[in-house]
Amino acid sequence: MADFTRAGEPGQKHDFRLVATDIDGTLINSERLLSQRTISVLGAVPVPVVLVTGRPLRWLEQLNEQLPAPLPAICANGAVIYDPHTDEVLRTEVLSREVLVDVVRRLRDAVPDVSLAVEVEDGRSFLHESTWPRLWVDQRVRVITTPDELTSVPAVKLLARSMTADPDDFLELVSKILGDTAEATRSSSSALVEISASGVTKAAGLAWFCEREGIDAEQVMAFGDMPNDIPMLAWAGHAVAMGNAHPAVRAVADECTATNDDDGVALYLQKSFNL
């Protein structure tokens with residue numbers, strides 16, 4: 001197990017027992033691929049590695065196909081916790097139908113060009129309005145036929161998109177609209193806001209997983225690049241921002257590493273664990 005001196009705190013040692021990493025913009029490159037260097041380093045790290053992602057459960061398939069063995073995953077920004085070894089969803093935190101109805105009404109009233117979608121069934125299915133851009137073909141993705149269908153079942157995540165707003169401004173607007181009713185964040189370079197149940201964040205999901213494993217926050221090293229990573233980075237014992245990270249992410253990190261296209265996670269892990 002590696003000793004690591006935390007940035008800004010000379011001489012303070014931390015025995016890390018877990019590595020938590022975001023996927024998109026962090027662990028994989030711009031082609032959505034793991035480099036051979038990253039694959040090798042992940043296999044050599046002497047502590048467990050956990051994926052902490054905004055991705056739904058169904059989007060783990062493309063990553064797991066590149067790994068020698070799948071990794072535990074905290075999906076949908078903390079709403080779904082998945083154990084690949086048992087193929088079991090350990091925990092789910094959903095937006096209730098009542099909250100969905102309220103939030104959807106608020107968004108439609110305040111944002112004229114808003115387009116909405118929901119992740120349902122633990123993130124295994126995706127329902128969206130006809131105005132939502134169709135970027136892929138998947139039988140688990142379906143256009144709703146009536147507006148009420150969007151709020152017909154609880155959802156692990158509601159997504160709101162504006163085609164005209166600035167991404168940061170749109171997140172600020174949605175956060176003000178929702179108040180304490182739900183959590184709003186973003187991981188996309190576009191004006192796409194991801195909405196979870198109140199209190200559901202990457203930090204909350206990771207904290208639950210670590211408590212289950214008997215691991216303290218100070219024993220966690222975390223990597224991220226976008227605003228949805230900020231709660232996790234603020235919670236973890238050592239926070240590392242990618243070289244391509246959003247300025248708000250860099251502001252809360254203890255250190256920065258190289259970009260995702262330059263194997264930033266692998267480089268940092270090699271240095272930290274003397275690999």
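No hydrogens, no waters, no symmetry mates; every other heavy atom, side chains included, goes into these values. These numbers were taken from a predicted model, which means no experiment stands behind them.
With a 6.0 Å radius and a threshold of 12 heavy atoms from other residues, nucleotides or ligands, Gln66 has its CD atom above the threshold.
Remark: the backbone N or O of Asp113 is not paired with any side-chain donor or acceptor of Arg161 at under 3.5 angstrom. Of the possible polar contacts, one joining the Arg106 side chain to the Ile177 backbone as a donor-acceptor pair under 3.5 Å is found. In terms of modelled atom types and a separation under 3.5 Å, the side chain of Asp216 and the main chain of Glu218 share no donor-acceptor contact. Listed for the Asp166 side chain is a donor-acceptor partner under 3.5 Å among the backbone atoms of Asp169. Distance alone, capped at 3.5 Å, is enough to place a donor-acceptor pair between the Asp83 side chain and the His85 backbone. When atom types are taken as modelled, the side chain of Thr151 and the backbone of Asp148 share a donor-acceptor pair closer than 3.5 angstrom. A donor-acceptor pair under 3.5 Å is formed between the side chain of Asp261 and the backbone N or O of Ser30.
The same ILVMFWY cluster, assembled from side-chain heavy atoms under 4.5 Å apart, contains both Val49 and Ile39. In the hydrophobic clustering of this structure, Val114 groups with Ile144; members are Ile, Leu, Val, Met, Phe, Trp, Tyr whose side-chain heavy atoms approach within less than 4.5 Å, directly or through other members. If you chain together hydrophobic residues whose side chains sit under 4.5 Å apart, Leu178 and Leu192 never meet in one group. In the hydrophobic clustering of ILVMFWY residues, with side-chain heavy atoms under 4.5 Å counting as a link, Trp235 and Phe223 come out apart. Put simply, Tyr82 and Ile215 are part of two different groups of oily side chains (I, L, V, M, F, W, Y) that touch within less than 4.5 Å, one to the next.
By the 4.5 Å heavy-atom criterion applied to side chains, Phe16 and Val47 are not counted as neighbours. The closest side-chain heavy-atom distance from Ser125 to Arg142 is not below 4.5 Å. Residues Asp22 and Met242 form no side-chain contact, since every pair of their non-hydrogen atoms from C-beta on lies 4.5 Å or further apart. Within the 4.5 Å cutoff, no side-chain heavy atoms of Trp59 are placed close to those of Phe126. Residues Leu107 and Ile195 form a side-chain contact, since some pair of their non-hydrogen atoms from C-beta on lies under 4.5 Å apart. Within the 4.5 Å cutoff, the side chain of Phe209 has no heavy atoms near those of the Val52 side chain. Using a 4.5 Å heavy-atom cutoff, the side chains of Arg105 and Asp109 are in contact. Side-chain contact check for Phe170 versus Val111: some heavy-atom pair is nearer than 4.5 Å.
Here the shortest heavy-atom pairing between Gly78 and Val200 reads C-CG1, 3.7 Å. The minimum heavy-atom distance between Ala245 and Gly224, with the atom names listed, is CB-O, 4.3 Å. Annotation for Ala182 and Leu95: closest pair CB-CD2, 4.1 Å, computed over non-hydrogen atoms. Taking every heavy atom of both residues into account, Val174 and Ala184 meet most closely at CG1-CB, 4.1 Å. Contact between Leu233 and Ala222 at its shortest, heavy atoms only, is CD2-O, 3.5 Å. The shortest non-hydrogen separation linking Val80 to Asp122 is CG2-O, 3.8 Å.
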Identify each donor-acceptor pair in which a side-chain atom of residues 152-159 lies under 3.5 Å from a protein atom, sequence neighbours left out, and give them as a table.
from   : atom 1 : to     : atom 2 : distance (Å)
Ser152 : OG     : Glu149 : O      : 2.8
Lys157 : NZ     : Gly54  : O      : 2.6
Lys157 : NZ     : Glu194 : OE1    : 3.1

Tell me, with the steps shown, if Val89 and Arg124 meet side-chain contact (heavy atoms from CB on, under 4.5 Å). CA-CA 11 Å; Val89 173; Arg124 299 177 196 267; 3.5 Å; yes
Using the rule given for side-chain contact (heavy atoms from CB on, under 4.5 Å), can you reason through Leu34 versus Leu63, listing the C-alpha separation, both sets of side-chain angles and the distance that settles it, and then say yes or no? CA-CA 8 Å; Leu34 289 169; Leu63 182 72; 3.7 Å; yes
Steps toward side-chain contact (heavy atoms from CB on, under 4.5 Å) verdict (Lys202, Leu206): CA-CA 6 Å; Lys202 285 191 174 187; Leu206 182 58; 6.0 Å; no
Let me see the working for Thr181 and Val99 under side-chain contact (heavy atoms from CB on, under 4.5 Å), right down to the final yes or no. CA-CA 7 Å; Thr181 303; Val99 171; 4.0 Å; yes
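Checked options Asp229, Asp225, Asp168; the residue passing with His246 is Asp168 (criterion: side-chain contact (heavy atoms from CB on, under 4.5 Å)). Tested against Glu119 for a salt bridge (Lys or Arg N to Asp or Glu O under 4.0 Å), the candidates Arg55, Arg58, Arg140 yield a single pass: Arg58.
A donor-acceptor pair shorter than 3.5 Å cannot be found between the side chains of Asn77 and Ser196.
Taking Ile, Leu, Val, Met, Phe, Trp and Tyr as members and joining any whose side-chain heavy atoms lie under 4.5 Å apart, directly or through other members, Met163 forms no hydrophobic cluster with any other residue. Leu267 forms part of no hydrophobic cluster, judged by ILVMFWY side-chain heavy-atom separations under 4.5 Å.
In this structure, Asp24 pairs ionically with Arg32, as a charged nitrogen and a carboxylate oxygen lie closer than 4.0 Å.
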